[in-house]
Amino acid sequence: MPSHTDFDSLYGSKYLSAAHVDEDFSAEVVDVTTQTFEKAGEPPRTKALLWLANEPRPLVLNKTNALALSA
């Protein structure tokens, strides 16, 4: 079975993920927005999207990362 990174290279990814950056990655935060995600059989969940300079895709923040960045 292909890995998540293999699927991203085949089909592209709408969101930035750890697979897209290396340990030396740094960027300026330019905006934070929210988006509601829906999954069959589950209630909708709103998550923060972190937009970075020179990166067309946002990073979806989980609760832990959102709280750490807000601090």
Side-chain angles (χ1 to χ4, degrees):
M1 181 85 166
S3 71
H4 181 352
T5 304
D6 294 333
F7 280 117
D8 282 351
S9 66
L10 287 172
Y11 301 108
S13 177
K14 189 173 171 178
Y15 303 103
L16 187 65
S17 72
H20 299 119
V21 300
D22 61 23
E23 63 186 42
D24 296 326
F25 181 83
S26 67
E28 177 185 352
V29 175
V30 294
D31 199 8
V32 178
T33 60
T34 60
Q35 181 173 333
T36 301
F37 294 86
E38 296 187 18
K39 199 174 192 180
E42 295 182 14
R45 296 179 65 178
T46 301
K47 295 189 176 197
L49 301 180
L50 188 71
W51 295 88
L52 306 172
N54 302 315
E55 176 56 55
R57 300 169 291 188
L59 176 65
V60 180
L61 297 178
N62 62 27
K63 185 176 181 179
T64 301
N65 292 338
L67 290 171
L69 286 168
S70 70

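Note: hydrogens, waters and symmetry copies are ignored here, and every other heavy atom, side chains too, is used.
Residues satisfying the side-chain hydrogen bond (donor to acceptor under 3.5 Å, both in side chains) criterion with N54, sequence neighbours excluded, are absent altogether. Looking at residues two or more places apart in sequence or on another chain, you find a side chain to side chain contact (heavy atoms under 4.5 Å, CB included) between L59 and L16, L50, L61. T36 is linked by a side-chain hydrogen bond (donor to acceptor under 3.5 Å, both in side chains) to T46, counting only residues two or more places apart in sequence or in another chain. Scanning for side-chain hydrogen bond (donor to acceptor under 3.5 Å, both in side chains) contacts around T33 gives W51, with sequence neighbours left out.
Put simply, the side chain of L52 reaches to within 4.5 Å of the side chain of V29, judged on heavy atoms.
The hydrophobic clustering, which links ILVMFWY residues whose side-chain heavy atoms are closer than 4.5 Å, places Y15 and L69 apart. In this structure, L49 is not a member of the same hydrophobic cluster as F25, with clusters built from ILVMFWY side-chain heavy atoms closer than 4.5 Å.
When every heavy atom of A48 is checked against every heavy atom of V32, the shortest pair comes out as CB-CG1, 4.2 Å.
Identified under the salt bridge (charged side-chain N to carboxylate O under 4.0 Å, His left out) test for residues 44-67, with sequence neighbours left out: E55-R57. Residues in residues 17-26 take part in no salt bridge (charged side-chain N to carboxylate O under 4.0 Å, His left out) pair, two or more places apart or across chains.
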